**Student:** 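The following block contains the structure, expressed as structure tokens.
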Amino acid sequence: MADSSKTTDIATRCIHAGDTVDPATGAVMPPIVTSSIYRVAEFGEPMPHAYSRASNPTRDALERCVAELEGGTRGVAYAAGMAATAGVLDLLPAGAHVVAPLDLYGGSLRLFQEVRTRTAGLEFTFVDFCDLEAVAGAVRPDTGLVWIETPSNPLLKIVDIAAVAAIARSPDTLVAVDNTFATPCLQRPLEMGCDISMHSTTKYLGGHSDVIGGLNVVADPELGKQLVSLRSAVGSVPGPFDAYLVLRGVKTLALRMERHEQNTQSVAEWLQAQSAVARVYFPGLAADPGHALAKRQMSGFGGMLAFELRGEVAAFMNALEVFTVAESLGGVESLAGHPASMSHSNIPAQTRRDMGIADNLVRLSIGIEHVDDLIADLGAALAAAG
């Protein structure tokens, strides 16, 4: 199938994007090519594949698919979402300056502060990206990267992607967006002026909690070549079976995202009406600070929400039966997490409070179960929490 990004709906593109049918056999799903090496047909002639650390047919199919969904020129898959984030940092020279949001996934923050400041001398400035003046004030002549996360993890803040990209626009400054929460179904940062859209494919793209992976999509093909070269040098590639699992997940992405969003909207509205809940964070609520912006730059509000619990967190978590208490997000099953002790546990308590992450904050990844069962489970757990 030819590039359909301008002519068909996202649901159709999730199934057909990237022309992933195997040309040799006509197999609708590409074969899982496990070979690490490829025979040279004619000595001295270029080959499409030579060594699977550099390229692999199964991985290539996934990369083509997601690149088309994002409206990019090249996809580059990695062994994990954190490897994809690290791949973006690998583009920077030692000592470069990076601007990043205060409200940030804990794993990214750890990579930034505990690893790359030490190993590459990168300098990070963290600001509230909802304050465009603060972003403009943080960007310097030597800023090599502006890193955006929207919706943010775990407070679901919405950042004006196009405005930040305009502020940072410079030949020497890259703008990258962690698009994991939104997925290409709801948000396409490259179309808003960004250079890189990053995904933890472990989450919604894979969608079934059975694979670890990451992926960067770029607007500029030359930038894509740089990422591929750096990935090959570092060796942070996913195996062919992992690439296959993510590609299989993408086939149902649009369908799953519809159900995730419908369920999350209903759960958020219900939680907002509960006296046991102090505050709900979800851009789909009209009262949410990011609601108007999310309506403008997204095609939906996503499947994540967070809320502050008035009662005892441990009692609430232990009473859940339909929700699974676990790390991660974006799978078909509903998950409940406690950022202070799970996803953001490596961050000092005072820093978490400065970020707005309270000890009573609960993050929910709403799955595709029947919404009545989810609400009943939450109701029983709120009652148990007191």
Side-chain angles (χ1 to χ4, degrees), residues 3-18 65-72 75 129-130 148-153 155-166 175-201 203-207 215-219 246 249-269 281-306 329-332 364-368 371:
D3 183 351
S4 58
S5 61
K6 304 300 182 185
T7 60
T8 57
D9 185 83
I10 187 69
T12 303
R13 301 206 308 271
C14 281
I15 295 171
H16 297 287
C65 176
V66 181
E68 185 175 324
L69 294 180
E70 282 278 13
F129 269 51
C130 294
I148 302 172
E149 185 177 282
T150 183
S152 70
N153 183 1
L155 297 177
L156 286 300
K157 290 183 179 180
I158 305 298
V159 176
D160 190 329
I161 295 173
V164 172
V175 180
V177 179
D178 184 337
N179 203 30
T180 298
F181 274 23
T183 82
C185 290
L186 305 183
Q187 181 172 271
R188 284 175 290 282
L190 302 185
E191 296 175 2
M192 293 180 250
C194 297
D195 301 291
I196 303 170
S197 182
M198 190 283 290
H199 294 274
S200 170
T201 59
K203 313 305 193 295
Y204 287 107
L205 270 64
L215 202 145
N216 287 317
V217 179
V218 299
V246 175
V250 171
K251 299 293 185 181
T252 60
L253 176 63
L255 187 65
R256 288 185 285 108
M257 290 306 295
E258 286 183 12
R259 184 62 172 263
H260 285 304
E261 185 180 6
Q262 291 168 2
N263 282 355
T264 307
Q265 186 72 40
S266 296
V267 169
E269 291 173 359
Y281 299 84
F282 177 61
L285 297 174
D288 189 271
H291 179 71
L293 176 57
K295 283 186 69 174
R296 187 169 77 245
Q297 79 176 14
M298 300 175 69
S299 303
F301 302 111
M304 299 296 299
L305 67 81
L329 57 103
V332 293
L364 300 180
S365 173
I366 306 297
I368 63 173
V371 70

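Please read these numbers as outputs of a predicted model, since none were measured by experiment.
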**Student:** Once rounded to the nearest 0.5 Å, what's the spacing between atom CD1 of I366 and atom CD1 of I368?
**Tutor:** 12.5 Å
**Student:** Roughly how far, to the nearest 0.5 Å, is the CD atom of E70 from the CG atom of N216?
**Tutor:** 10.0 Å
**Student:** Do side-chain atoms of R13 reach the backbone of T8 as a donor and acceptor pair under 3.5 angstrom?
**Tutor:** yes
**Student:** Return the minimal non-hydrogen interatomic distance between H199 and T183, and the atom names on each side.
**Tutor:** CE1-CA, 3.9 Å
**Student:** Is there side-chain contact between V177 and I196, with at least one heavy-atom pair below 4.5 Å?
**Tutor:** no
**Student:** Does the gap between the ring centers of H291 and F282 come in under 6.0 Å?
**Tutor:**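 Centroid separation for H291 and F282: 6.0 Å or greater.
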**Student:** Got C14 and C185 here, is their nearest side-chain heavy-atom distance under 4.5 Å?
**Tutor:**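 SC-SC contact between C14 and C185 confirmed.
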**Student:** With rounding to the nearest 0.5 Å, note down the distance linking OG1 in T252 to CD1 in I15.
**Tutor:**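 Here the rounded value is 8.5 Å.
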**Student:** Measure across L69 and A17 and return the closest heavy-atom pair with its distance rounded to 0.1 Å.
**Tutor:** CD2-CB, 4.0 Å
**Student:** Which value, rounded to the nearest 0.5 Å, describes the distance between I148 atom CD1 and C194 atom SG?
**Tutor:**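 Between atom CD1 of I148 and atom SG of C194 there are 4.5 Å.
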**Student:** Taking everything shown except K295 itself, do over 12 heavy atoms lie less than 6.0 Å from its NZ?
**Tutor:** no
**Student:** Show your reasoning for whether side chain to side chain contact (heavy atoms under 4.5 Å, CB included) applies to V164 and F129.
**Tutor:** CA-CA 8 Å; V164 172; F129 269 51; 4.1 Å; yes
**Student:** If we only count heavy atoms from C-beta on, is the Q297 to I158 side-chain gap below 4.5 Å?
**Tutor:**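 Heavy-atom side-chain distance check passes, below 4.5 Å.
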**Student:** Show your reasoning for whether side chain to side chain donor-acceptor pair (under 3.5 Å) applies to H16 and E68.
**Tutor:** CA-CA 10 Å; H16 297 287; E68 185 175 324; over 6 Å; no
**Student:** So do F301 and T264 actually touch side chain to side chain, heavy atoms under 4.5 Å?
**Tutor:**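 Side-chain contact under 4.5 Å: no.
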**Student:** Report yes if some heavy atom in the side chain of R256 is under 4.5 Å from a heavy atom in the side chain of V332; otherwise report no.
**Tutor:**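 Of all side-chain heavy-atom pairs linking V332 with R256, at least one is under 4.5 Å.
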**Student:** Do F181 and T150 have side chains that get closer than 4.5 Å, going by heavy atoms?
**Tutor:** no
**Student:** With the side chain counted from C-beta on, respond yes when L190 and V217 share a heavy-atom pair under 4.5 Å apart, and no when they do not.
**Tutor:** yes
**Student:** To the nearest 0.5 Å, tell me how far S197 OG sits from D178 CG.
**Tutor:** 8.0 Å
**Student:** Looking only at side chains, do E269 and Q265 share a donor and an acceptor under 3.5 Å apart?
**Tutor:**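 The criterion, which ignores hydrogens and geometry beyond distance, is satisfied for Q265 and E269.
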**Student:** Rounded to the nearest 0.5 Å, what separation is found between the CD1 atom of I10 and the CG atom of L253?
**Tutor:**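 Atom-to-atom, I10:CD1 and L253:CG are 7.5 Å apart.
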**Student:** Using distance alone, with no hydrogens and no angle criterion, decide if E149 and N179 have a side-chain donor and acceptor under 3.5 Å apart.
**Tutor:** no
**Student:** Evaluate ring pair (Phe, Tyr, Trp, His ring centres under 6.0 Å) for Y204 paired with H260, printing each intermediate quantity in order.
**Tutor:** CA-CA 10 Å; Y204 287 107; H260 285 304; 5.2 Å; yes
**Student:** Please tell me if the side chains of M304 and L156 come closer than 4.5 Å, counting only heavy atoms from C-beta onward.
**Tutor:** yes
**Student:** Between N263 and R259, is a side chain to side chain contact (heavy atoms under 4.5 Å, CB included) present by the stated rule, with each step listed?
**Tutor:** CA-CA 6 Å; N263 282 355; R259 184 62 172 263; 3.6 Å; yes
**Student:** Keeping T201 on the side-chain end and V246 on the backbone end, is there a donor-acceptor pair under 3.5 Å?
**Tutor:** no
